[in-house]
Amino acid sequence: MKTILNISLAFATFIFIASCCKEGTGGDATIVTFLQHHGRTINNHVNYPDTVYVKFNAKDAPKSLSDYDTYFVGEEGEDHVHCHNLKCGDYYFFGTAMDSTGPYRVTGGMHVKIKHKDRAKEQDVDLPVTE
């Protein structure tokens, strides 16, 4: 009886540890981030590409840009930024862009959670930004 209990406990522990997520790069998830100013998606510019800063294991914004763990830069002419190779877990995304209708420098951030079931998928996220 004790052997069955020990085996069951060991198996449950293994499943718990295997299902945990450790935020960071090296995973298969991609977040496609659309920076939006007043509901309008912003295109990347040659001299001011959209940039998304990412803080691992966070639900709130860090105090400065130097506290972010990585960043991703958009490609000229595209209306999104690919944040790739992420693992499942909690992230804080902070985007910066140039809205050419002003022109305005716009920034904004939000918490993004990649669920374990979505750890190998591509997800679209609208990231609201403002002046």
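Please read all numbers here as calculations on a predicted model, not as lab measurements.
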Donor-acceptor contact present, side-chain K22 to main-chain K87, <3.5 Å:
no
Determine the interplanar angle of the Y68 and Y92 rings, folded into 0 to 90°, and report it as parallel if under 30°, tilted if 30 to 60°, perpendicular if over 60°.
tilted
Heavy-atom neighbours of D60 CG exceed 12 at 6.0 Å
no
Checking the side chain of E23 only, and the main-chain atoms of D90 only, is there a donor and an acceptor separated by less than 3.5 Å?
yes
Is there a side chain to side chain contact (heavy atoms under 4.5 Å, CB included) between L35 and V106? Walk through the geometry before answering.
CA-CA 9 Å; L35 281 70; V106 291; 5.9 Å; no
For D50 and A97 the tightest heavy-atom approach is OD1-CB, 3.2 Å
Which atom pair, heavy atoms only, marks the closest approach of D79 to F34?
O-CD2, 3.3 Å
Would Y104 and T130 satisfy side chain to side chain contact (heavy atoms under 4.5 Å, CB included), going step by step from the backbone distance to the final call?
CA-CA 9 Å; Y104 306 107; T130 188; over 6 Å; no
Kindly give the heavy-atom pair with the smallest separation between V52 and C83, and that separation in Å.
CG1-SG, 3.9 Å
Give the C-alpha distance, both sets of side-chain angles, the deciding distance and a yes or no for side chain to side chain contact (heavy atoms under 4.5 Å, CB included) between V32 and T30.
CA-CA 6 Å; V32 181; T30 298; 4.2 Å; yes
Report the relative orientation of the aromatic rings in H84 and F72; use parallel for angles under 30°, tilted for 30 to 60°, perpendicular for over 60°.
perpendicular
Working for side chain to side chain contact (heavy atoms under 4.5 Å, CB included), residues F93 and T33:
CA-CA 9 Å; F93 281 48; T33 311; 3.8 Å; yes
Between G95 and V129, the two heavy atoms sitting closest are O-CG1, 4.0 Å
State the CG-NZ distance between D28 and K121, to the nearest 0.5 angstrom.
13.0 Å
Other residues, nucleotides and ligands only: do more than 12 of their heavy atoms fall within 6.0 Å of CD on E122?
yes
So, H116 versus R119: side-chain donor-acceptor pair below 3.5 Å or not?
yes
Between D118 and K115, is the closest basic N to carboxylate O distance under 4.0 Å?
no
How long is the straight-line distance from CD1 of I42 back to NE2 of H37, given to the nearest 0.5 Å?
6.5 Å
Would you say the side chain of V112 lies within less than 4.5 Å of the side chain of I31, judging by non-hydrogen atoms?
yes
Do Y48 and R105 come close enough that some side-chain heavy atom pair is under 4.5 Å?
yes
Between H45 (side chain only) and M98 (backbone N and O only), is there a donor and an acceptor less than 3.5 Å apart?
yes
When the ring centroid of Y91 is compared with that of F56, is the distance short of 6.0 Å?
yes
Is the backbone N or O of H80 less than 3.5 Å from a side-chain atom of N44, with the two atoms forming a donor-acceptor pair by type?
yes
Where is the tightest heavy-atom contact between G74 and P49, given as atom of each residue plus distance?
O-CB, 3.8 Å
